[in-house]
Amino acid sequence: MSELNPTGLGLRDSSGPKEEWFKDDSTGESLVRMGDLVFPPRKVWIKTFGCQMNYHDSERLLSHLKNLNFTQTEVVEDADLVLFNTCAVRDLANNKFYSHLGNLKHQKKENKGLVIGVGGCVAQTEGKDLIKKYQHLDFAFGPDTIDSINDMVFRTYAGDSKFSVNSWDRSSDFSIDTKITHGTPQAFVNIIKGCNKYCTYCIVPYTRGKERSRRLQEVYDDVRKLVEYSGIQEVMLLGQNVNSYGKENNESLAELIMKLEDVNGLELLRYTTSHPYDVSDELIAAHGEAKKLSRHLHLPVQSGSATVLQRMNREYTPEHYLGLLEKLRKANPDIVLSTDIIAGFVNETEQEHQATLDLLDKAQFDFIYSYAYSERSKTRASRWEDHLTDDIRGARLREIQAHQLKIQANIRAKMVGNTYRILVSGSNIFKGEKKWKGRTNCNRIIHFLPETDEQNLKWHWADVRVTEATALSCQGELVKDWGRRAPKGESVDYKLW
Ligand code: SAM
Ligand code: SF4
């Protein structure tokens with residue numbers, strides 16, 4: 001039987017039909033009964049666009065669908081159910097989704113039993129139109145309804161397709177337990193949903209709704225269980241604006257981080273994404289005190305110009321932002337910082353653009369994610385007349401990226417000769433050789449050769465000495481393989497990270 005979430009990311013209540021597993025006596029096959037339907041083993045193919053939050057939501061969808069006898073397939077042609085988890089933040093991901101969806105028309109023609117659903121942020125705002133426009137689409141569902149996926153899939157198999165659900169979960173608490181479907185030691189743990197900030201360019205408050213936080217004790221118990229029962233060693237706390245976590249309950253991110261320090265077996269704690277406005281002194285202090293907290297912080301600035309930040313409704317100035325970096329570096333001299341930049345915001349002047357290049361020089365980020373401004377309907381900025389052309393936007397984006405690469409190359413060069421402890425996550429072929437890779441505590445990826453070709457280092461902790469580092473890649477050599485568990489008592493040796 002699947003577990004029910006009374007107040008989670010969804011609207012599922014206890015009144016509908018529930019999944020029940022049973023064995024077919026004649027074939028020995030495991031089947032699931034839900035209401036008057038029997039679900040044989042089926043395959044689901046899921047395509048995720050966008051941020052870590054969406055990847056986390058997809059994992060949640062998969063974990064529910066397991067209870068309905070679905071297993072995941074990587075081959076879309078083998079699928080009985082196709083799901084898209086969409087992102088509406090920028091045009092690019094949006095366009096990719098539309099082209100994928102269009103391509104499925106032929107597959108549905110050949111396989112009439114194929115069920116196709118669209119979830120996520122695009123479905124929240126455009127679900128009804130999508131259903132009308134795409135004949136081969138069966139259902140659409142917003143991000144706040146994902147815990148009801150089995151009810152929606154049941155509904156389509158019961159013959160009621162062509163529906164869209166984009167309701168908000170209005171229960172007072174945000175309460176869930178983390179579901180993982182993978183066998184890795186890393187888990188995403190959602191601590192806050194929605195966003196109240198209404199930056200003038202951003203669609204998120206319209207697709208993910210108002211901020212609501214889980215209670216601190218619930219998150220603590222959830223993480224403890226993940227570590228104890230599922231062998232999780234690294235946790236990423238997730239939310240659109242994790243820095244405002246707990247406000248409605250008089251709790252805070254800093255408090256949560258410090259509390260998670262005493263989860264035995266948890267090696268590394270990360271969090272994303274942050275808004276500079278809500279970075280408190282307590283949080284800065286936690287970056288100096290918490291031994292398990294990653295020494296990397298992603299703190300999106302968006303622009304280096306005070307006037308652009310004002311038009312973006314970001315509620316801070318470049319000076320305030322740089323002041324935060326200074327305090328963070330004082331609290332933890334080893335901290336590594338990164339950011340997001342939007343190039344060519346509405347009517348950005350050349351002078352405003354130069355201010356961003358200037359901020360990059362001052363901030364010395366380890367890396368940046370940068371995007372050309374993409375107009376999103378419903379947002380305030382989309383209603384303003386905009387004189388900037390896409391060509392100028394593109395040129396400014398390239399200039400920002402080239403400028404940052406120079407800064408980054410200098411910073412990364414300092415890694416050469418240092419030994420870092422990494423959690424090895426996989427391998428690739430690099431110039432004809434198989435190399436393993438993993439992330440350091442401060443979120444830098446290092447590639448390295450194994451001692452022998454047969455050596456399987458996946459999800460091992462390894463100490464790796466950096467031999468070569470450029471702006472975009474870091475090569476190293478294996479110093480020590482610790483196996484699947486981080487060595488006890490040495491996990492806080494700063495020289496190794
Ligand atoms: N909550 C985070 C914050 O306050 O910065 C960011 C979350 S947002 C979903 C991720 C990134 O997408 C933003 O930091 C911003 O750089 C980018 N982004 C959001 N809306 C955008 C737009 N309309 N055009 C270009 N980039 C955008
Ligand atoms: Fe979007 Fe982040 Fe601003 Fe919220 S804080 S509106 S998620 S950019």
Side-chain angles (χ1 to χ4, degrees), residues 48-57 85-95 120-122 124-125 143 190-213 236-245 247 253 271-279 283 297-305 308-316 320-321 324 337-348 353 356 359-360 363 365 367-384 386 388 390 393-394 396-397 400-401 404:
T48 309
F49 299 90
C51 62
Q52 278 149 326
M53 187 75 79
N54 268 16
Y55 282 87
H56 174 262
D57 286 352
N85 194 359
T86 57
C87 168
V89 169
R90 284 172 299 276
D91 236 7
L92 198 66
N94 227 354
N95 294 344
C121 293
V122 177
Q124 180 66 35
T125 52
N190 199 338
I191 60 168
I192 177 170
K193 63 176 175 177
C195 180
N196 292 351
K197 285 276 182 267
Y198 290 93
C199 301
T200 54
Y201 52 82
C202 186
I203 189 80
V204 169
Y206 308 92
T207 60
R208 296 240 170 208
K210 291 252 170 276
E211 276 173 9
R212 248 153 353 121
S213 303
M236 169 77 93
L237 303 175
L238 270 190
Q240 293 301 340
N241 179 13
V242 283
N243 297 148
S244 51
Y245 166 77
K247 274 184 183 166
L253 180 62
Y271 66 86
T272 200
T273 301
S274 298
H275 188 298
Y277 180 82
D278 293 308
V279 174
L283 186 60
L297 175 62
H298 188 71
L299 194 58
V301 65
Q302 314 299 359
S303 169
S305 150
V308 170
L309 288 174
Q310 209 170 19
R311 297 207 292 283
M312 288 177 163
N313 189 31
R314 289 292 287 183
E315 301 178 291
Y316 55 83
H320 176 77
Y321 181 88
L324 287 177
L337 297 153
S338 59
T339 204
D340 288 350
I341 302 277
I342 297 180
F345 185 58
V346 180
N347 296 329
E348 184 189 67
H353 164 63
T356 296
L359 181 125
L360 293 181
F365 294 115
F367 64 89
I368 64 168
Y369 294 121
S370 48
Y371 318 96
Y373 167 68
S374 169
E375 186 183 301
R376 307 283 75 203
S377 65
K378 286 195 164 56
T379 60
R380 262 163 65 197
S382 70
R383 297 196 285 272
W384 301 335
D386 182 11
L388 219 61
D390 283 349
R393 261 184 198 111
R396 287 187 184 166
L397 179 64
I400 286 168
Q401 289 169 341
Q404 170 62 22

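For ligands, and for the atoms within them, numbers begin at 1 and follow the listed sequence. As the structure is a prediction and not an experimental result, all values here were calculated from the model.
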Show your working on side-chain contact (heavy atoms from CB on, under 4.5 Å) between Y371 and D91 and close with a plain yes or no.
CA-CA 11 Å; Y371 318 96; D91 236 7; over 6 Å; no
Measuring to protein heavy atoms, does anything land under 4.0 Å from atom 5 (O) of ligand 1?
yes
Do N196 and K210 have side chains that get closer than 4.5 Å, going by heavy atoms?
yes
Around atom 19 (C) of ligand 1, find the nearest protein heavy atom and jot down its residue, atom name and distance.
V89 CG1, 3.3 Å
Under 4.0 Å, heavy atoms only, figure out whether ligand 1 is touched by the backbone of R376, its side chain, both or neither.
side chain
Tell me the closest heavy-atom pair linking T207 and T125, and the distance in Å.
CG2-CG2, 3.8 Å
Please find the pair of heavy atoms, one from A343 and one from I400, that lie closest to each other, and give the distance.
CB-CD1, 3.8 Å
Which heavy atom of Q124 sits nearest a heavy atom of P143, and at what distance?
OE1-CD, 3.3 Å
List the steps, then state whether side-chain contact (heavy atoms from CB on, under 4.5 Å) holds for H353 with V308.
CA-CA 9 Å; H353 164 63; V308 170; over 6 Å; no
What I'd like to find out is whether the side chain of I341 reaches to under 4.5 Å of the side chain of Q404, using heavy atoms alone.
no
Which segment of P205 sits under 4.0 Å of ligand 2 when only heavy atoms are counted:
side chain
Structural part of A372 in contact with ligand 1, heavy atom criterion under 4.0 angstrom
backbone
Using a heavy-atom cut-off of under 4.0 Å, does the side chain or the backbone of Y201 touch ligand 1, or both, or neither?
both
Just by distance, no angles: are the side chains of Y201 and R90 close enough, under 3.5 Å, to form a donor-acceptor pair?
no
Looking only at distances, please establish whether an N/O atom of ligand 1 is found under 3.5 Å from an N/O atom of D340.
yes
Ligand 2 versus R376, non-hydrogen atoms closer than 4.0 Å: side chain, backbone, both, neither?
neither
Nearest-contact summary for atom 4 (Fe) of ligand 2 - protein heavy atom, Å:
C195 SG, 2.2 Å
Ligand 1 contact on Q302 by region, counting heavy-atom pairs under 4.0 Å:
side chain
Below 4.0 Å, non-hydrogen atoms only: which portion of C199 touches ligand 2? Side chain, backbone, both or neither.
both
Heteroatom N/O/S of C202 within less than 2.8 Å of atom 1 (Fe) of ligand 2:
yes
Does R314 have a heavy atom less than 4.0 Å from any atom of ligand 2?
yes
Can you confirm whether T339 sits close enough to Y321 that some side-chain heavy atom of one is under 4.5 Å from a side-chain heavy atom of the other?
yes
Is the closest side-chain heavy-atom distance between M236 and H56 below 4.5 Å?
no
Pick, from R90, E375, M53, R208, the option with the minimum heavy-atom distance to atom 26 (N) of ligand 1.
R90
Within-4.5 Å side-chain heavy-atom neighbours: Y277 and N243
no
Which heavy atom of the protein is the closest neighbour of atom 8 (S) of ligand 2, given with residue, atom name and distance?
Y201 OH, 3.3 Å
Do the side chains of M53 and T273 get nearer than 4.5 Å, heavy atoms only?
no
Can you sort out which atoms of ligand 1 are near H275, meaning under 4.0 Å from one of its heavy atoms?
4 (O)
Side chain, backbone, both or neither: which applies to R314 and ligand 1 if a contact is any heavy-atom pair less than 4.0 Å apart?
side chain
Can you tell me which residue and heavy atom of the protein come closest to atom 22 (C) of ligand 1, and the distance to 0.1 Å?
S374 O, 3.5 Å
Per-residue contact class, T273 against ligand 1 - non-hydrogen pairs under 4.0 Å:
side chain
Between Y373 and F345, is the ring centre distance below 6.0 Å?
yes
Proximal ligand 2 atoms for H275, defined as those under 4.0 Å from one of its heavy atoms
5 (S)
Check against side-chain contact (heavy atoms from CB on, under 4.5 Å), R396 and T356
CA-CA 10 Å; R396 287 187 184 166; T356 296; over 6 Å; no
Once you restrict to heavy atoms under 4.0 Å, what part of V204 touches ligand 1? Side chain, backbone, both or neither.
side chain
Among T379, I342, V204, N241, whose heavy atom sits nearest atom 7 (S) of ligand 2?
V204
With heavy atoms of Q240 as the reference, note each atom of ligand 1 found under 4.0 Å away.
1 (N), 2 (C), 7 (C), 9 (C)
